Amino acid sequence: MKAPVPALELFHQMVRMRRFEEALSELWHQGRISGELHLGIGEEGIVAGVLDHLIEGDALALDHRPTPALVGRGTDLSLLALEMVGAETGLCRGHGGHMHLFDPERLAASSGIVGAAGPMACGFALSHQRLRPGRIAVAFSGESAINQGMMLESLNLAAVWELPVLFVVKDNGWAITTRSAEMTGGTLRKRAEGFGIAYTKVRGADVGAVWRAVGPMIDDLRRGRGPAMLHATCHRPSGHFEHDPLIRMVTSPREFAAESGPLTRSLADGSGGRIRDRIGGMRRVISTAAGMRVHLSKRRGDPVTRLEQTLDATAVARVRAAVEKEILSTLAEVGSP
Amino acid sequence: MTEFGAAIDLALGHAMVDDPKIVVFGEDTPLLRRELLVRFGPERVRPTPISESAFLGAAVGAALGGLRPVVEVQLVDFLMVGLSALVNEAAKIEAFSGGRWNVPIVVRATCGGGYGDAGQHEQALWGMLAGVPGLAVVVPSTPADAAGLMRASIENDGPVVFLEHKLLSRQWRDAMAGGRRESVTFDVPPDGADGPVLDPPPPVPLGSAIERRLGGDVTLISLGVGVHRCLSASEELGERGVECTVIDVRSVAPLDRAAIETAARRTGRVVAVDEDYTRGGLSGEIAAVVAEAGISARFARVTTEDTIPYARHLEDATLPNVDRIVSAVESLLD
C-alpha cells in the first residue's frame with residue numbers, strides 16, 4: 001500500500017526554508033552577512049521531498065547551498081542565523097559562514113567546492129556500512145557538479161563498493177552563468193546507467209512527486225542495493241548567488257546600458273577577430289542574456305506556491321503564522337547590528 | 001587611470017592581437033571576458049564545464065600542440081581540484097623532455113581575502129605552488145604591474161600561475177563580496193585598485209622585485225595587497241622616526257633574491273609580510289635567502305597562521321594587517 005504524501009508537513013518545511021532564506025537575503029543586503037550568499041530558494045521541493053524520508057543516523061553531504069537542508073533536518077534556526085552573522089554563538093562559532101556549515105549531531109557537512117559532496121557522501125556511506133547499517137548518505141549537488149571528475153569518480157566508487165548513497169542532482173540548467181546543456185555531454189540518465197546506478201528524474205517544483213519518487217529509492221538503499229541518483233529539475237529565481245552579475249545585467253536597464261558601449265567597441269574593433277568571429281561572440285553574449293531572461297520569466301517552477309494552491313486555506317494560514325513566529329524569534333536572537 | 005582587472009584584460013587583448021595562438025578558456029569565461037569574446041570570437045574565448053582536472057590538463061596538451069592557452073580558474077582554491085595537471089604535467093615537461101618541449105600556459109585565478117568569504121575561497125596558496133620547480137607564480141599589487149606581468153606571463157615559455165587579488169579587482173569584489181552593496185566596506189588599497197597603465201602595457205619581467213619605499217631601518221618584503229598594508233605601516237612608523245624599505249617581490253617564483261639580499265644587508269632587519277600560510281611558503285623562503293647570503297639580520301614575519309575564519313572581525317585578525325606589521329617591526333627594534 002502506498003502511503004499518502006504528507007503534504008502539510010512538506011509545505012511547513014518548505015515555508016520554513018523559504019522564509020528563513022528570505023530573511024538571510026535581507027541580512028545580506030543589510031551587510032550583516034559577508035561574502036557570497038548562495039540561496040536555495042526554488043530548491044525547497046527537492047530538499048523537503050528527500051529529507052522527509054530520512055531517519056536518525058542518515059548523513060548529508062551538502063554543497064554551497066546548504067541552508068535549506070539543515071533547516072529541514074532540524075538544525076536550530078538561531079544557531080544557523082547567528083553563524084551567518086559571524087557570531088561566536090553560531091553553529092560553527094562564526095568560523096564557517098553560510099558556505100561551510102557543519103552539524104556533527106546530524107552528520108551534515110557542506111563544502112563550497114563544486115562536486116565535493118560526491119566523495120563526502122561515499123565516505124559517510126562507508127562509515128554507515130561498518131558503524132550504522134541501514135543508514136544512508138545523501139549527496140546534494142547541482143547538475144554542473146556532475147561534470148567534475150571527483151563526482152564521476154564517486155559514482156563509480158559508490159557503485160563498486162555498493163554504497164548506500166543517494167546522489168540528488170538539483171538541476172536549474174545553469175552552471176553559474178553558463179548553460180549546463182552546452183557544457184554537458186550525453187545525459188545524466190545514461191551516465192548513471194553507465195555506472196549501473198538506478199536513476200529517476202522528477203520535477204523538483206512538485207514536492208509530492210519528489211517525495212513519491214524518492215521513497216522506494218531510499219528503501220532500496222537501506223536494503224543495501226547500491227547507490228541511486230535522483231535528478232530533479234528546479235528553477236532558482238535569484239541565480240547563482242545574491243547580486244548574480246548575469247541577472248543584474250538582464251534585469252537592470254542601467255547595467256544593461258553600461259554593457260552596450262564596451263561591447264559595441266569590441267564588435268567594431270578590427271584589430272580582433274574576423275567580423276564573423278566577432279558577430280559570433282556577440283551572438284553568444286546575447287543568447288546567454290536571452291536564455292537567462294526566459295529562465296527568469298518561468299513562474300510555474302515555484303514548489304511552495306504550487307503546493308500551497310492545493311491545500312486548505314486555513315491550514316496554510318496556520319502554517320504560515322507558525323513559521324512567521326519562528327522566523328521572528330530567530331531574528332530577535334540575531335538582533336540588530 | 002585604469003582599474004586593476006581592466007588592466008589585465010588590456011594586456012591580454014594586446015597579446016591576443018599579436019599572437020593568434022593565444023586562446024582563453026575557463027569557467028564562465030564567456031561572461032567574465034565578454035569584451036574579449038566579442039572582440040576575438042567564440043573560437044578563441046570559450047567556456048568550460050566545471051571540470052578543472054580536464055580543462056587544466058587540456059591546456060597542457062594544447063600548449064604542447066602549439067597553442068598558448070590562458071586558462072581562467074575563478075579562484076586559486078578551485079585550482080586545487082585540478083592540481084595534478086599543473087604540478088605533475090605542466091611543471092615537469094620542460095625538464096623531462098631535456099628542454100626540448102615547453103608548456104606555455106598562463107593559469108589566471110583570483111586569490112586572497114578581506115571580504116568575509118572564509119578560508120575555502122580566500123586562500124593565497126602561492127607559496128605551495130611556487131615550491132614546485134618548473135612553475136612560475138606572480139602576484140601583482142598595482143594595475144600597471146598586473147598588465148605588465150600578464151604580458152610577461154603570456155610571453156613566458158613555461159607555465160605561469162597569475163594570481164589577482166580579489167580586493168584589487170572591481171569585477172571580483174562585485175561578484176564575490178557583493179561589493180555593490182552600500183552596506184559593506186572593504187579595506188581596498190586605492191593605489192592597488194586603480195592606477196596609471198601605459199597602452200600598450202610594457203611587460204614586467206618575471207622575477208623582478210621593485211622597491212616601493214626606501215628607508216634605512218627595516219626592510220618589509222611583501223606582495224599583492226600586503227604591499228599596500230606595508231606602505232600604510234611604513235607611514236605610521238615614519239611618523240615615529242622608523243624608516244622602512246618596502247620591497248614588492250611581484251613574483252614568488254622566480255624570486256628576486258638579489259633585491260631581497262641588497263635591502264636586508266642595508267637595513268639588517270627584515271619583516272616578511274605574506275598573506276599566505278606561515279609554514280612552507282614565501283616568508284620562510286625570504287628568511288632562507290637572507291641566511292644563505294650570509295647576511296646577519298633580525299627577522300620577523302606577519303602571515304596567515306590559521307584557517308581563515310568567516311566572521312569579518314576574526315578574519316581581520318587572521319590576515320596580515322597594519323597593526324600586526326607595526327608590532328613586528330617594533331619587535332626588531334629593541
Side-chain angles (χ1 to χ4, degrees), chain A residues 28-37 83 85-88 90 92 94-100 111-115 144-145 147-150 175-178 182-184 241-243 245-246 248 259 262-263 265-267 269 271-274 276-285 288, chain B residues 13-14 16-17 20 27-32 34-54 74-75 77-78 80-82 113 115-122 171 174-185 307-315:
Chain A
W28 187 86
H29 281 91
Q30 290 164 12
R32 297 199 62 202
I33 294 178
S34 62
E36 308 153 84
L37 181 62
E83 181 62 26
V85 298
E88 168 70 31
C92 306
H95 283 253
H98 95 274
M99 224 179 336
H100 321 103
S111 173
I113 300 298
V114 171
S144 340
N147 291 323
Q148 269 291 20
M150 64 177 117
I176 316 184
T177 64
T178 303
E182 292 175 12
M183 289 293 109
T184 307
F241 45 29
E242 296 295 277
H243 274 193
L246 178 58
R248 280 187 309 180
E259 289 296 327
L263 289 182
R265 276 196 295 282
S266 297
L267 184 65
D269 189 340
S271 72
R274 294 164 299 179
R276 71 185 164 97
D277 293 332
R278 282 177 273 148
I279 290 171
M282 194 58 135
R283 277 214 181 110
R284 183 165 187 107
V285 173
T288 302
Chain B
H14 277 291
M16 290 176 77
V17 169
E27 290 146 338
D28 263 352
T29 297
L31 187 80
L32 292 170
R34 50 193 176 273
E35 287 170 33
L36 294 174
L37 166 63
V38 174
R39 188 171 164 199
F40 294 99
E43 272 188 29
R44 294 184 69 190
V45 180
R46 62 172 67 210
T48 63
I50 305 180
S51 309
E52 288 90 356
S53 317
Q74 298 204 350
L75 284 85
D77 317 72
F78 300 171
M80 300 301 110
V81 176
Y115 62 94
D117 218 12
Q120 203 180 53
H121 288 66
E122 291 200 327
Q171 182 175 45
D174 284 358
M176 305 300 290
R180 299 271 180 101
R181 287 178 288 173
E182 284 173 9
S183 52
V184 289
T185 53
T307 296
I308 304 164
Y310 162 75
R312 287 293 298 278
H313 66 284
L314 299 175
E315 180 196 26

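Because the structure is predicted, anything quoted here is derived from the model rather than measured.
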Under 4.5 Å from a heavy atom of chain B, the part of A:Ser111 involved
both
If you count heavy-atom pairs under 4.5 Å with chain B, which of A:Arg276, A:His29, A:Met150 comes out on top?
A:His29
Look at the side chain of A:Trp28 and the backbone N and O of A:Gly35, then say whether any donor-acceptor pair between them is shorter than 3.5 Å.
yes
With no hydrogens and no angle check, is any side-chain donor or acceptor of B:Glu52 less than 3.5 Å from a backbone partner on B:Val81?
no
Which residue out of B:Leu37, B:Thr307, B:Leu314 racks up the most heavy-atom pairs below 4.5 Å with chain A?
B:Leu37
Heavy-atom distance under 4.5 Å to chain B: side chain of A:Thr177, backbone, both or neither?
both
Need one label for B:Glu182: side chain, backbone, both or neither, based on atoms under 4.5 Å from any heavy atom in chain A.
neither
Does any heavy atom of chain A fall under 4.5 Å from the side chain of B:Ile50, the backbone, both, or neither of them?
both
Which one, A:Leu246, A:Val285, A:Leu263, A:Ile279, leads in non-hydrogen pairs under 4.5 Å with chain B?
A:Leu263
Bottom line for B:Met176: the part with an atom under 4.5 Å from chain A's heavy atoms is both
Residue selection (most heavy-atom pairs with chain B, distance under 4.5 Å) from A:Gly97, A:Ala145, A:Pro245
A:Gly97
At a 4.5 Å cut-off on heavy atoms, which part of B:Thr29 comes close to chain A: side chain, backbone, both, or neither?
neither
Can you say whether B:Arg181 sits under 4.5 Å from chain A via the side chain, the backbone, both, or neither, judging by heavy atoms?
both
Heavy-atom pairs under 4.5 Å with chain A are the metric here; pick the option from B:Arg180, B:Met16, B:Gln74, B:Gln171 that has the most.
B:Arg180
Heavy-atom pairs under 4.5 Å with chain B: which of A:Glu88, A:Glu83, A:Glu259 has the most?
A:Glu259
In terms of heavy-atom pairs under 4.5 Å with chain B, which of A:Pro262, A:Ser34, A:Ala175, A:Ser144 leads?
A:Ser34
If you count heavy-atom pairs within less than 4.5 Å of chain B, which of A:Gly115, A:Gly149, A:Gly96 leads?
A:Gly96
With a 4.5 angstrom heavy-atom cut-off, which part of A:Ile33 approaches chain B: side chain, backbone, both or neither?
both
Distance-only, no hydrogens or angles: does the B:Glu35 side chain make a donor-acceptor pair with backbone N or O of A:Ser266 under 3.5 Å?
no
Is A:Arg248 in contact with chain B via its backbone, its side chain, both, or neither, using a 4.5 Å heavy-atom distance?
side chain
Measure from the side-chain N and O atoms of B:Glu315 to the backbone N and O of B:Tyr115, and report whether any donor-acceptor pair falls under 3.5 Å.
yes
Polar side-chain atom of B:Glu122 near backbone of B:Gly116 as donor-acceptor pair, under 3.5 Å:
yes
Between A:Ser271 and B:Arg39, is any side-chain donor less than 3.5 angstrom from a side-chain acceptor?
yes
Are the side chains of A:His100 and A:Cys92 in contact, using a 4.5 Å heavy-atom criterion?
no
Segment of B:Ala177 engaging chain A (4.5 angstrom heavy-atom cut-off)
backbone
More than 12 heavy atoms of other residues, nucleotides or ligands under 6.0 Å from CD of B:Glu43: yes or no?
no
By a 4.5 Å heavy-atom criterion (distance strictly below it), what part of A:Glu242 contacts chain B: side chain, backbone, both, or neither?
neither
